[in-house]
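Everything on this sheet refers to the single structure shown next.
Counting from 1, the numbers follow the sequence of the chain as shown. Note that ligands are numbered from 1 as they come in the structure, with each ligand's atoms numbered from 1 the same way.
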Amino acid sequence: MKLLVTGGAGFIGSNFIRYWLKTHPGDEIVNLDKLTYAGNLENLKEIEKNNNYKFVLGGITNVDVVGTLVSECDLIVHFAAESHVDRSITDAGAFVKTNVTGTQILLQAAKDHDKRFHHVSTDEVFGALALDSKDKFNENSPYDPRSPYSASKAASDHLVRSYFHTHKLDITISNCSNNFGPYQFPEKLIPLAITNVMEGKKIPVYGDGLYVRDWLYVDDHCRAIDLVLEKGKIGETYCIGGMTTDINNLEVAKKILKLLDKDEDMLEHVQDRPGHDRRYAIDWSKAKKELGFQPEHNFEEYLEQTVKWYQDNQEWWQKVKSGEYKEYYQKQYGSSS
Ligand code: NAD
Ligand code: TYD
């Protein structure tokens with residue numbers, strides 16, 4: 001089977017490609033990535049010479065490139081996106097272009113060439129839950145996105161479903177909670193906190209820090225997508241989440257400090273994010289029942305593993321934080337934009 005993976009040079013996409021080539025060694029992967037600030041070919045160094053892997057530099061809004069690559073593959077796994085809420089607050093334009101227009105261009109190509117399309121989405125499309133509730137999001141939760149990022153992902157989900165209903169395109173969608181693990185860009189809470197502390201800097205905690213995320217180790221997300229591709233029903237959505245129970249950002253930051261043997265004076269409360277979603281939690285019982293999915297990596301143990309990964313791979317994140325990582329591919333491919 002030949003997969004077209006979009007956004008495979010980012011955090012989850014690169015973990016997915018490594019996962020897939022290990023678990024399906026006979027399959028081929030083409031990775032279409034524009035290499036925005038979040039794309040880093042060093043994430044894929046260990047497989048770049050694998051004969052079943054090919055990288056193509058290009059954007060998902062390029063109709064010609066997308067059309068050719070879609071025509072040559074068996075299925076599309078669509079990760080490419082602008083993914084950081086804070087950036088969507090300062091400049092939403094790229095979010096609409098990539099997450100909405102880019103997804104539509106991919107869908108049109110998938111329709112033209114009659115290809116299976118899996119869309120990787122987020123639980124943030126459902127909005128926010130109250131801190132004092134026991135509610136969880138599920139596949140029937142109403143859409144209520146509250147940031148330009150989640151609004152653009154919600155729009156992309158709707159477009160994906162519209163191609164199923166209108167054009168009978170073979171689609172599936174997964175709405176997953178916050179991931180963590182190796183190769184996550186150090187602008188997101190967990191890698192930012194770990195690397196800041198290793199640099200002797202404080203952890204910026206937005207507002208009161210009592211914001212709750214449903215953390216999932218990235219390998220569990222990759223396996224969930226594999227299960228959706230293998231067993232998911234066409235036209236269906238699957239909510240994917242972790243096994244943490246309502247752990248807040250302050251507690252996550254304190255755990256990281258403890259793992260790095262540092263005091264809580266390394267925490268710094270800073271101005272809150274506008275429109276900050278209070279709590280996310282996922283009910284993944286449909287994925288369990290229909291796909292046999294359940295998270296296998298517990299938060300405490302894999303937070304420790306993740307801290308260790310950032311300790312063992314200082315060169316990787318130092319190059320990202322200094323901007324030097326761009327030189328690696330600029331030498332091979334020139335500028336991406
Ligand atoms: P990321 O920001 O680390 O990576 C995004 C990748 O997409 C980068 O390699 C970037 O170069 C590429 N890209 C961006 N615009 C592009 C374009 N126009 N054309 C081609 N490539 C482009 O993101 P991530 O955290 O790996 O997230 C991947 C997907 O998973 C996204 O769709 C995101 O919405 C979804 N998701 C993420 C999380 C999470 O916790 N990170 C949780 C649930 C769902
Ligand atoms: P983030 O990793 O940006 O993911 P998302 O906004 O998609 O959930 O943020 C996770 C949580 O951590 C969120 O509640 C915002 C908070 N946060 C901080 O407190 N400080 C930070 O520096 C960052 C980046 C996030």
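In the vicinity of G59, heavy-atom distances shorter than 4.0 Å reach the ligand 1 atoms 19 (N), 20 (C). When each atom of ligand 1 is checked for a heavy atom of N178 under 4.0 Å away, the hits are 40 (O).
Side-chain atoms of K202 come within 3.5 Å of backbone atoms of D265 as a donor-acceptor pair (strictly under, hydrogens ignored).
For atom 22 (O) of ligand 2, the closest non-hydrogen atom on the protein side is L192 CD2, 3.3 Å. The protein atom (non-hydrogen) at minimum distance from atom 6 (C) of ligand 1 is G7 O, 3.7 Å. Distance from atom 16 (C) of ligand 2 to its nearest protein heavy atom, with residue and atom name: N249 ND2, 3.3 Å. Closest protein heavy atom to atom 30 (O) of ligand 1: V120 CG1, 3.5 Å. The protein non-hydrogen atom at the shortest distance from atom 43 (C) of ligand 1 is C176 O, 3.2 Å. Given atom 3 (O) of ligand 2, the protein heavy atom at minimum distance is R273 NH2, 3.0 Å. Taking atom 20 (N) of ligand 2 as the reference point, the nearest protein heavy-atom neighbour is P204 O, 2.7 Å. The single protein non-hydrogen atom nearest to atom 40 (O) of ligand 1 is N179 N, 2.8 Å, given as residue, atom name and distance. Here the protein heavy atom with the shortest distance to atom 9 (O) of ligand 1 is D33 OD2, 2.5 Å. For atom 24 (C) of ligand 2, the closest non-hydrogen atom of the protein is E187 O, 3.1 Å. The shortest contact between atom 20 (C) of ligand 1 and any protein heavy atom is with K34 N, 3.3 Å. At the shortest separation from atom 5 (C) of ligand 1 among protein heavy atoms lies A81 O, 3.5 Å. When hydrogens are left out, the protein atom nearest atom 10 (C) of ligand 2 is L189 CB, 3.9 Å; that is the closest non-hydrogen contact. Here the heavy atom of the protein found nearest to atom 7 (O) of ligand 2 is E124 OE2, 2.6 Å.
Contact annotation for N178 and ligand 2: only side-chain heavy atoms (C-beta onward) come within less than 4.0 Å of the ligand. The part of L35 lying near ligand 1 is the backbone, judged by heavy-atom distances below 4.0 Å. Contacts with ligand 2 closer than 4.0 Å are made by heavy atoms of both the backbone and the side chain of Y206. With a 4.0 Å cut-off on non-hydrogen atoms, K153 touches ligand 1 through its side chain and not its backbone. Here S121 has backbone heavy atoms under 4.0 Å from ligand 1, and that is the only part of it that gets that close. With a 4.0 Å heavy-atom cut-off, ligand 2 is reached by the side chain of R213 but not by its N, CA, C or O.
From D123, atom CG reaches atom NZ of K153 across 11.5 Å, with rounding to the nearest 0.5 Å.
H84 has its ring centre no less than 6.0 Å from the ring centre of Y149. Aromatic ring centres of Y325 and W316 lie farther apart than the 6.0 Å criterion allows. Proximity of the aromatic rings of F185 and Y37 is defined here by a centroid distance below 6.0 angstrom, and this criterion is met.
Using 4.0 Å as the threshold, Y149 has a heavy atom nearer than that to some atom of ligand 1.
Hydrophobic clustering of Ile, Leu, Val, Met, Phe, Trp and Tyr side chains at less than 4.5 Å, counting indirect connections, unites L257 with L210.
A cation-pi arrangement, defined by a distance under 6.0 Å to the six-membered ring centre and an angle within 45 degrees of its axis, is absent between R273 and Y206.
A salt bridge links R146 to D277: at least one charged side-chain nitrogen sits closer than 4.0 Å to a carboxylate oxygen.
Backbone and side-chain nitrogen or oxygen atoms of T61 are examined, and none is located within less than 3.5 angstrom of a nitrogen or oxygen of ligand 1. Inclusion of L32 in the set of residues having an N or O under 3.5 Å from an N or O of ligand 1 is not warranted. For ligand 1, none of its N or O atoms has an N or O atom of N40 under 3.5 Å away. By the 3.5 Å distance cut-off applied to N or O atoms, G10 is counted among the residues near ligand 1. Considering both main-chain and side-chain atoms, H276 comes within under 3.5 Å of ligand 2 through a nitrogen or oxygen pair. Ligand 1 has a nitrogen or oxygen under 3.5 angstrom from a nitrogen or oxygen of T36.
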Scan the side chains in residues 62-69 for donor-acceptor partners under 3.5 Å anywhere in the protein, sequence neighbours excluded, and list what turns up.
residue: N62; atom: OD1; partner: D64; partner atom: N; Å: 3.2
residue: N62; atom: OD1; partner: V65; partner atom: N; Å: 3.1
residue: T68; atom: OG1; partner: D64; partner atom: O; Å: 3.0

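If you check the side chains of D226 and W20, you find no donor sitting under 3.5 Å from an acceptor. Side chains of T23 and R223: no donor on one and acceptor on the other come within 3.5 Å. Between Y163 and Q108, the side chains place a donor N or O and an acceptor N or O closer than 3.5 Å (distance only, hydrogens not considered). Under the 3.5 Å distance criterion, with hydrogens and angles disregarded, no donor-acceptor pair is assigned to the side chains of T61 and K97.
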- Item | Working for side chain to side chain contact (heavy atoms under 4.5 Å, CB included), residues S133 and R279 | CA-CA 9 Å; S133 82; R279 174 175 165 263; 3.0 Å; yes
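The nearest non-hydrogen atom to atom 38 (C) of ligand 1, considering only T122, N99, I105, I12, comes from I12. Nearest-residue assignment for atom 1 (P) of ligand 1 (options S177, S83, G181, S150; heavy-atom criterion): S83.
Under the side-chain hydrogen bond (donor to acceptor under 3.5 Å, both in side chains) criterion, R18 pairs with N15, sequence neighbours left out.
Residues V252 and F299 meet the side-chain proximity criterion, which asks for heavy atoms closer than 4.5 Å.
Looking at N99, T103, T101, D157 one by one, the single match for side chain to side chain donor-acceptor pair (under 3.5 Å) with S152 turns out to be N99.
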